[in-house]
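Below you will find the structure I want to go over with you.
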Number of protein chains: 2
Amino acid sequence: MLSQAAVHSRRFVAEGFTAADARGYHYRVLAALEEFGPASQADLGRRSRMDRSDVVAAVTELEEQGFVERSADPADRRRNVVTITRAGRQQLGRLDRVLDTVQDELLAPLSAAERQTLVALLGKLIEHHGGVPTS
Amino acid sequence: MLSQAAVHSRRFVAEGFTAADARGYHYRVLAALEEFGPASQADLGRRSRMDRSDVVAAVTELEEQGFVERSADPADRRRNVVTITRAGRQQLGRLDRVLDTVQDELLAPLSAAERQTLVALLGKLIEHHGGVPTS
DNA sequence: CTCCATTCGTTGGTGCGGCCAACGATACGG
DNA sequence: CCGTATCGTTGGCCGCACCAACGAATGGAG
């Protein structure tokens, strides 16, 4: 079952993330900022498939850690423009490395060809169900 | 990413389960009881990979719904023997059908051969990471 | 037979991910 | 100008997974 495999995945990811003092939401926000550039929080939510309220919490925490900056949007005073900082990019790099390691661990029993096949199949599933292929 | 696909899976499963007025923990307990017969709660936890405390809650709820019965074990007074009832078996059947439907939905974009491949690959992952292949 | 370690059920708490409702403030279209 | 929509924010809920601690009971070592 997919959920079964996902449990192990989750556990590995959680391990690595807590070691890096971060959570999934943090990574998603940072990744979205790096990929699309500064954005409003609502945009971040849409891009990262997160609820607006969860974006608020994540951005606040990232701001406290100095990984992003919040500033009012002069063009639309409802919006906050969130920008990734230099430190944020470094953190993102760390988390990326964590994910790479985790993925290696997770896919350890599979050959390179099998990994490719698995990724392709999962990609098909995600795409079909309206997912955003986040690498 | 595996987690990505799992999200959709989770959502589908959750939908179906809430429609059937059940949760994942309930299904796991019922399935374990059906497969291995009456068992103590600690055994259920080991078989279903659940924490003892979560087993307590699940069994209590299943008992309220009349799907299982709790009775003291005369041979070991620390234990409660949990038994699945007729109604419980019916509920398990319903949930099994729900899962079948969900799986079809989830794997819709894949051919039969692809599904088989995916299942095989995931099975490999789960087994390698010490998982219990729960169908 | 007496301790000691272990097991069992139970209670209560933590954390993460995902979601919803409501709000005041702002923006925008008719 | 007024209604509608969007944005950030607060606060809450649920499900899954996990941990710590407890009293009661068991079982093995001495």
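Within every chain, numbering begins at 1; the chains are lettered A, B, ... in the order of the sequence lines, protein sequences first and strands thereafter.
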>> Pairing donors with acceptors under 3.5 angstrom, does anything connect the side chains of B/Gln41 and B/Arg70?
In response: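 On atom types as modelled, these side chains qualify, holding a pair under 3.5 Å.
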>> Using the rule given for salt bridge (charged side-chain N to carboxylate O under 4.0 Å, His left out), can you reason through A/Asp100 versus A/Arg97, listing the C-alpha separation, both sets of side-chain angles and the distance that settles it, and then say yes or no?
In response: CA-CA 5 Å; A/Asp100 279 0; A/Arg97 267 177 276 133; over 6 Å; no
>> Between D/dC16 and B/Asp54, counting only base atoms on the nucleotide and side-chain atoms on the residue, is there a donor-acceptor pair under 3.5 Å?
In response: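 Absent.
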> Quick one: which of C/dC8, C/dT10, D/dC7 gets closest to the side chain of A/Ala42?
Replying inline: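 The listed nucleotide nearest to A/Ala42's side chain is D/dC7.
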>> Should the side chain of B/Asn80 and the base of C/dC8 be counted as holding a donor-acceptor pair, with the cut-off at 3.5 Å?
In response: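 No.
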> B/Val56 and B/Val68: same hydrophobic cluster, using ILVMFWY side-chain contacts below 4.5 Å?
Replying inline: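 In one cluster with B/Val56: B/Val68, no.
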>> Measuring to OP1 and OP2 of C/dG9, would you say a side-chain N or O of B/Arg52 lies under 4.0 angstrom away?
In response: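 No.
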> Going 5' to 3' along nucleotides 25-30 of chain C, which nucleotides have protein heavy atoms under 4.0 Å from the base (write B), which only from the sugar-phosphate (write S), and which from neither (write -)?
Replying inline: BBS---
> Between A/Arg115 (side chain) and A/Leu107 (backbone), is there a donor-acceptor pair under 3.5 Å?
Replying inline: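 Yes, A/Arg115 side chain to A/Leu107 backbone: donor-acceptor pair under 3.5 Å.
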>> Is there a side-chain contact between A/Leu92 and A/Asp96 in this structure, where contact means two heavy atoms from C-beta onward sitting under 4.5 Å apart?
In response: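 Yes; the side chains approach each other to less than 4.5 Å.
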> Choosing from C/dC8, D/dG8, D/dC16, which nucleotide comes nearest the side chain of A/Val56?
Replying inline: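 For A/Val56, the side-chain atoms sit closest to D/dG8.
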> Quick one: which of C/dC16, D/dC16, C/dG9 gets closest to the side chain of A/Arg23?
Replying inline: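 Of C/dC16, D/dC16, C/dG9, C/dC16 is nearest to the side chain of A/Arg23.
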